[in-house]
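To start, the structure itself, in structure tokens.
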Amino acid sequence: QHAPRVAHGAPPSTLQWRDACQELRWGLLATPPSIAPKFLYDAHGCALYEAITTLPEYHLPRVERAILDRHQGAMLQLLPRGAELIDIGSGDGAKARRWLDAGIVRRYIGLDIAEDWLREVLRRGRQRYPGVQFDGVVTDLTWGLQLPLPREAERPRIFWYPGSSIGNFEPAAATALLAQMRAHMRPGDALVLAVDGPVEHARMVHAYDDAAGVTAAFNLNVLNVVNRTLGASFDATAFRHRAVFNAEASRIEMHLVSQHAQAIALGTGQVLRLQASEHIVTEHSYKHAPARAEQLLRGAGFDQLQRFGIDGEAYGVYLARI
Ligand code: AVI
């Protein structure tokens with residue numbers, strides 16, 4: 001196998017902001033002010049997110065693992081062999097291992113915004129799975145799906161999108177992203193997509209507002225990212241983390257609530273003025289019930305769907321084909 005190739009995605013020219021500063025200012029001066037969730041993931045934010053995934057209250061990874069452990073055999077019956085596995089939001093690469101260990105993958109393509117993590121995943125993968133070609137794309141998924149690496153003509157593809165990260169996209173954007181995956185697929189290819197669904201209210205809220213305060217630290221850390229990026233003057237102690245379930249939209253919303261009236265210099269001459277209890281939105285995490293998840297997938301053009309779940313849980317792993 002040759003050394004990993006790492007390609008870079010680029011923002012589409014139609015985008016109104018070409019850089020992080022513009023995107024942050026745009027969001028902060030909107031009503032209500034918002035910070036796009038991707039800014040949560042600087043190095044410290046990534047470490048805090050890793051810690052979240054081990055919290056007793058944050059049930060998503062545990063439920064996902066239980067579903068995959070239970071149904072992996074049945075899923076393997078439906079997945080192609082000798083495949084190109086496209087690991088969307090590859091992170092530390094751990095979630096792709098079950099498919100690599102199952103021996104169905106000949107080429108791995110990791111997609112992630114964090115180049116250092118991605119290079120490390122490719123380096124380790126190459127050592128551990130010498131028969132597999134490891135490549136990567138450094139890209140921001142909010143720009144849409146970018147796959148600037150040539151497809152090996154005869155190789156079937158598996159898109160692997162675990163973790164319910166699709167829930168951090170607005171539904172129209174989620175459908176658009178899934179449709180872009182669909183456009184890169186041929187008959188015989190598959191998408192394996194994990195989608196969290198609504199459960200009991202208190203369980204959902206505690207999953208995003210844990211007793212140890214890890215999610216609060218994760219949320220508040222985004223203000224440091226904004227300060228560094230814009231040269232802004234946010235004081236994290238002047239905000240409080242809040243997680244609310246918006247039942248109408250079926251989503252958890254993470255907010256940063258202003259503790260008193262304040263004026264924050266955004267580092268560009270612009271000023272954000274907040275009254276006490278006004279908030280900044282930092283994340284939407286949609287909880288798509290099975291019917292809605294299927295609607296997203298059908299809306300994106302997938303007509304063969306299979307849902308894998310476990311009793312008593314709304315979380316679903318969907319295997320979608322065309
Ligand atoms: C990455 N994503 C699926 C997480 C979620 O559940 O929406 C991010 C997260 N935010 C707070 N806790 C976890």
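Note that ligands are numbered from 1 as they come in the structure, with each ligand's atoms numbered from 1 the same way.
- Ring to ring, Y318 and F308 are not that close: their centroids are 6.0 angstrom or more apart.
- Here the shortest heavy-atom pairing between H2 and D135 reads CE1-OD1, 4.0 Å.
- Contact record, V225 with T229: O-OG1, 2.6 Å, taken as the closest heavy-atom pair.
- Residue S165 has no nitrogen or oxygen atom sitting less than 3.5 Å from a nitrogen or oxygen atom of ligand 1, judged on distance alone.
- Under the 4.0 angstrom criterion for non-hydrogen atoms, G167 is not in contact with ligand 1.
- Judged purely by distance below 3.5 Å, without hydrogens or angles, the side chains of D196 and Y286 never pair a donor atom with an acceptor atom.
- For N168, a nitrogen or oxygen atom sits less than 3.5 Å from a nitrogen or oxygen atom of ligand 1, counting backbone and side chain alike.
- In the hydrophobic clustering of this structure, Y49 does not group with I113; members are Ile, Leu, Val, Met, Phe, Trp, Tyr whose side-chain heavy atoms approach within less than 4.5 Å, directly or through other members.
- Near F218, meaning under 4.0 Å from one of its heavy atoms, ligand 1 places the atoms 10 (N), 11 (C).
- For R62 (side chain) and P56 (main-chain N/O), a donor-acceptor pair under 3.5 Å exists by modelled atom type.
- Of the protein's non-hydrogen atoms, S285 OG, 2.7 Å is the one closest to atom 7 (O) of ligand 1.
- With hydrogens left out, the protein atom closest to atom 8 (C) of ligand 1 is E283 OE2, 3.2 Å, a heavy atom.
- Those atoms of ligand 1 that come under 4.0 Å of a heavy atom in G163, given as number and element, are 3 (C).
- Of all protein heavy atoms, the one closest to atom 4 (C) of ligand 1 is Y58 OH, 3.3 Å.
- For ligand 1, the polar-atom distance check against K287 finds no nitrogen or oxygen pair separated by under 3.5 Å.
- Below 3.5 Å of separation, one finds no N or O of S164 facing any N or O of ligand 1.
- Residue-ligand proximity, Y41 to ligand 1, at heavy-atom distances under 4.0 Å covers atoms 1 (C), 8 (C).
- Here E313 pairs with R203 in a salt bridge; the nearest charged N to carboxylate O distance falls below 4.0 Å.
- The closest side-chain donor-acceptor pair between D210 and Y58, if any, does not fall under 3.5 angstrom.
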